[in-house]
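Note on naming: letters A, B, ... go to the chains in the order of the sequence lines (proteins, then strands), and numbering restarts at 1 for each one. Just so it is clear, the values below take in all heavy atoms, side chains as well, and ignore hydrogens, waters and symmetry mates.
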Amino acid sequence: MEPIVIAKNLTKSYTKGLRALDNVSLTVDRGKVLVVMGPSGSGKSTLIRTFNGLETFDKGELNILGIRVDSSHDEKRIQKIRKRVGMVFQQFNLFPHLSILENITLAPVHVQKRRQAEADEYGMYLLSQMGIDSHAYKYPSQLSGGEQQRVAIARALALKPELLLFDEPTSALDPERINEVLDAIRKLAEQGMTMVVVTHEISFAKDVSDQVLFMDSGKVIETSHPDIFFSNAKHERSRKFLNQLDKH
Amino acid sequence: MKINQKIFLQLGIFIIFFGLMGILINNLTVNLARTGIGFNFSWLFKPASFALAEHPLPFTSSDSYAWALFIGWLNSLKVIVSSLILATLLGALIGFARAGKNSLLGFISAAYITIIRQTPLLLQLMFWYFVGFLGLKDNMFIQLKNIFSVSNQGIEFSGLTFSSEFLALLLGLSIFTSAFIAEVIRGGILSVSRGQWEAFRSLGLSERKGFIRIILPQALPAIIPGLTSQYLNLAKNSTLAIAVGYSDIYAINDTIINQTGRAIECFIVLLVSFLLLNLLITNTMEIFNKLILKSRKYS
């Protein structure tokens, strides 16, 4: 088993006493999917955003794809990580002034220095994989939320990443648009993509995850196999959280 | 509001407006008749009989008032256009520094903006003229092999000379306006959501590339209107040239009024020339704005 993500004792404090991350350790192996769950403010977004350097931490150590990062946050190393790790955001964050295809080819052309024609071709392939190649020359505002999020996934895939991070990818979507995005992520999981997914979607998490990590107040409460976590979670706090999610 | 009430209100405004105009025009004609000056522009073609320190085109005291006014207009245009460029460059630099991550640069630019914005332009112009240039020794202060020299006469640079009056006005206007432009630019940059920064960073784009390709194109539509109004202010503020003795159109108008007593005609010339200039600035910026909006076909 080749580990892709190793986090050791990550700690981040905002103000005295309040900790966004409290001694968080975890490992994600190649080809595996880790689902991170927890109430809002539990630090799950902060955690996955440290993986590509969008968030800093005060103590501990990260090892992403063999690149080590500590609290000094060496910019060159973070830049190396970002070229090999894709991220999908809750609010899509597509570039509104660029067409769908331009959104996808920006990084391959300007970061990997690929030829535009080559990037366009691969971009079109990714869009067809997501079932939205007919929208290639439209602008983000002309697409529905679900379509925009699938563009965001294609954009994250354009650099051929070895790890994908999803920060609540369906939380900003209309209920009837959630499944088209979850299906796209399921497909990626079947293809063996290594992923860390922050989500509240229980049935999706059951399907897709190899491991579920439950967080509260910046601490890891438990890390379990999904079969165990969703039927017989080890901790009282996890069971209480799942009960509340069920009531929705 | 009922329709007849609306008509009554409109009628009332109409009567008040034209009543006031009538009083003013009547006042003017009565006074003109009393002083016996009359209202005409034939004096424009009489010799000006004053000298100008600065003239981009040939000018002698036997040239007409009209030519003197035109020279003044050129002088105004020269200082406005060059200040506009310098103020934009300075403002962009300070604005980027202010919005950036470097805390020392951020502090310095914040201090610059605060000091420049909270002091009157007139004082700043006086400062640059009397402390900045006239404070220099009259023998060449800095001289580099006859290519570049700075003295209380101004700056000479490989054959081109810039008077100290022009330079004081250029510096004063540019620095004063740059502080406002910096705030306009910072506001534009801050109007782009944090998510856009995170998105380009997560794709491995460098800060510089991401700023140019992602942030700036989205900030520009928010920057242009504020920038236009700063440009208009700069053009109008250039009339403070008189404080440092630079012969812009206002200063020359002032001299002509003293000589001829043609205050009304002169002010009409002045108002019309500034109106035309500012319409030119507004329209140019509008074209620029449309080009940008055209390039973003979305929303």
So which bits of residues 180-201 of chain B come within less than 4.5 Å of chain A, counting non-hydrogen atoms only? B:R194, B:G195, B:Q196, B:E198, B:A199, B:F200, B:R201
To the nearest 0.5 Å, how far apart are [atom1] in [X] and [atom2] in [Y]?
| X | Y | atom1 | atom2 | answer |
| --- | --- | --- | --- | --- |
| B:I214 | A:L98 | CD1 | CG | 5.0 Å |
| B:R213 | A:F95 | CZ | CZ | 11.5 Å |
| B:I292 | A:H97 | CD1 | NE2 | 12.0 Å |
| B:S202 | A:D167 | OG | CG | 11.0 Å |

Indicate yes or no: at least one non-hydrogen side-chain atom of A:R82 is less than 4.5 angstrom from one of B:L205. no
Does some side-chain heavy atom of B:L203 sit less than 4.5 Å from a side-chain heavy atom of A:V111? no
Need one label for [X]: side chain, backbone, both or neither, based on atoms under 4.5 Å from any heavy atom in chain B.
| X | result |
| --- | --- |
| A:V88 | neither |
| A:F89 | side chain |
| A:L94 | backbone |
| A:R49 | side chain |

Qualifying salt bridge (Lys or Arg N to Asp or Glu O under 4.0 Å) pairs with a residue from residues 230-240 of chain B, counting only residues at least two apart or across chains: none
Are more than 12 heavy atoms, taken from residues, nucleotides or ligands other than [X], located less than 6.0 Å from that residue's [atom1] atom?
| X | atom1 | answer |
| --- | --- | --- |
| B:R117 | CZ | yes |
| B:F70 | CZ | no |
| A:Q191 | CD | yes |
| A:E75 | CD | no |
| A:E162 | CD | yes |

If the condition is side-chain contact (heavy atoms from CB on, under 4.5 Å), which residues does A:D174 pass it with, not counting sequence neighbours? A:E176, A:R177
Nearest atoms (heavy-atom pairs only) where A:P96 meets B:Q218: CG-OE1, 3.2 Å
Please list, chain by chain and in numerical order, all residues satisfying ring pair (Phe, Tyr, Trp, His ring centres under 6.0 Å) with B:F274, sequence neighbours excluded. none
